[in-house]
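Okay, so here's the structure we're looking at.
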2 protein chains.
Amino acid sequence: MDQNSLPPIQTTARDDAVLKALVGFVRAEALQPGDRLPTERILAERLKVSRNTVREALTRWEGLGLVERRQGSGTYLKAAVSPDMLHMPLTLAGGNDFTSLMHTLEIRRALEAEAAALCAERASPADIAEIMRKLDIMEQAFRTRDGMSSEEDWEFHQAIYRVSGNPLFEQIIAAMHELFHRFWEHPLGVRDFGHASFPYHRAIYECIAARDPQGARAEALKLIATVEDDLKRGAAKLKLPSQT
Amino acid sequence: MDQNSLPPIQTTARDDAVLKALVGFVRAEALQPGDRLPTERILAERLKVSRNTVREALTRWEGLGLVERRQGSGTYLKAAVSPDMLHMPLTLAGGNDFTSLMHTLEIRRALEAEAAALCAERASPADIAEIMRKLDIMEQAFRTRDGMSSEEDWEFHQAIYRVSGNPLFEQIIAAMHELFHRFWEHPLGVRDFGHASFPYHRAIYECIAARDPQGARAEALKLIATVEDDLKRGAAKLKLPSQT
DNA sequence: ATGCAGAAATTGGTAGGACCATTGGACCAC
DNA sequence: GTGGTCCAATGGTCCTACCAATTTCTGCAT
């Protein structure tokens, strides 16, 4: 006897129905992120529901980061929507910032290594060329501005996730990336943060180009290790600022 | 000159103010998960805002999984809340095909191994006892019903994630679990699905109890590998049902 | 024509009131 | 006890009106 054989019935689910209708709408109209979707009043009239109900539904989507509402302007699509989407709110209630940052890095350590290994297994010659291109851009930015660039660095990593063939890597690590940078603000006083990670980017690329999964995994782990070290240095600096 | 030194002022942020007030309320009243919080009407009156505004705020919290609203009964706290909490919606685009299922397993492979290793490093004697308890329950269920039990098996794994000390493991793997089981229902015709993974549970536990991170990692990888094999067998069976 | 200030329309945000649907307890008949 | 009915409390929905921010239009001065 399975307890799931008698699921609770749903008599009313107005907001869910509204959201389902909206999913169908954006698909029918082929709306892209950035596009404006109909007025709350229009939606309420078309769907034959109260404007309040429409607002509750849109509030939920706003909380999920799917839409953005601008007073006086309209409601805009912020991300692609599809019928089979899973929403999972991540809650990070760690004590201090340092702990939370380390937590995001632990996830990245696991996923980054796996993605690099899969990438080395599955990369086509065109994929390898694309990754090299991103690597060149990143290295040039590094030399020009004499420091790690968040932007180009991120592009390089994203290319690896994409080539891994598993879209979940990019989506989850992107969430970690954003979570990380939300705690960031002040770089904990470490001026050359990320500097030590630079050489490992090329090392990862070379392993991928050589179709060496284990090597790519190892180099990715080293890269994350340098970031963790920087983070620990910063935390120590904050705790003992006078003992320099 | 940091662009963040001049954040945009907030002329109106009623719902945020409501949520902040609610955080203060649950802390002042020391509310625990499961407790009921005041009526929407009461909140609207006390906070001097419209009931609509209260509802929008509660809708956001509901979306984050912090509260649960039951019509006719009330609104109940579902998770602990604190002022310094960071929420980040993770939206994953899944599919219902074989490839998507494999993708979730690739993520689990990476995270499961890392979590097991961290668990082996950080587990206290009490933690190890707790994990053993879950393992016993699972093994008994296995022998009684002669098959892997999704429920008890999941409890065992969750215990490991918790002991890892990083709440993100449990949350992200839970998302993978959800994606996987969304299209589960029938185990692709493989009756003894997961059977092969059984012995590795105890193997993982023994590595954790022995404080052997590398061993725990290796056993976790083997466990996921058996699940991947089962999945492939099921897919082959679906494609070639007549060639048995 | 051009440019710009101010009016007007549009749109999301808030307010307040009313009613419906569900829940859970009180109460009662059997 | 069991089952049923009633009733108050509570979230869900609807309606209308107005506020606040934004965009668009208008019309005057140049």
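Reminder, nothing fancy here: chain letters follow the sequence lines and each chain counts from 1.
- Nearest to the side-chain atoms of A:R14 among the listed nucleotides C:dA15, D:dT10, D:dT13 stands D:dT13.
- Atom CZ of B:R70 and atom P of D:dT10 are 14 Å apart (whole Å).
- Proximity note for A:T39 (side chain, C-beta onward) versus D:dG11, D:dT10, C:dT11: the nearest is C:dT11.
- How far CD1 of B:I173 is from CZ of B:R108: 6.5 Å, rounded to the nearest 0.5 Å.
- How far CZ of A:R109 is from CE of A:M102: 7.0 Å, rounded to the nearest 0.5 Å.
- When each of D:dT13, C:dG24, C:dT11 is scored by its nearest atom to the side-chain atoms of A:R36, the top-ranked nucleotide is C:dT11.
- Among D:dC15, C:dT14, D:dT10, the nucleotide with an atom closest to any side-chain atom of A:N52 is D:dC15.
- Taking atom CZ on A:R55 and atom P on C:dA15, their separation rounds to 11 Å, with Å as the unit.
- Remark: the B:N166 side chain and the B:S164 side chain contain no N/O donor-acceptor pair separated by less than 3.5 Å.
- As rounded to whole Å, 14 Å separates atom P of D:dT13 from atom CG of B:L58.
- The CD atom of A:Q71 sits 9 Å away from the P atom of D:dA20 (whole-angstrom rounding).
- Residue whose closest nucleotide on DNA chain D sits further toward the 5' end, between A:S73 and B:L37: B:L37.
- For the pair A:D16 (side chain) and A:A13 (backbone), a donor-acceptor distance under 3.5 Å is absent.
- Distance CG (B:D16) to P (C:dG13): 12 Å, rounded to an integer number of Å.
- Between A:T53 and D:dC14, a side-chain N or O to OP1/OP2 separation shorter than 4.0 Å is present.
- At a cut-off of 3.5 angstrom, the base of C:dG12 holds at least one donor-acceptor pair with the side chain of A:R41.
- Rounded to whole Å, atom P of C:dA15 lies 11 Å from atom CD of B:E56.
- For A:R51 and C:dG13, a side-chain-to-base donor-acceptor distance below 3.5 Å is present, hydrogens and geometry of angles not being considered.
- Computed from coordinates, the A:L43 CG to D:dT13 C1' distance equals 17 Å when rounded to whole Å.
- Of the two residues near DNA chain C, A:G74 and B:V49, the one whose nearest nucleotide lies more 5' is A:G74.
- Listed nucleotides: C:dG16, D:dC14, C:dG12. Nearest to the side chain of B:S50: C:dG16.
- Each of A:H181, A:H201, A:H177 was compared with A:W154 under the ring-ring contact (aromatic ring centres under 6.0 Å, His included) criterion, and only A:H177 meets it.
- Put simply, OH on B:Y76 is 11 Å from P on C:dT23, counting in whole angstrom units.
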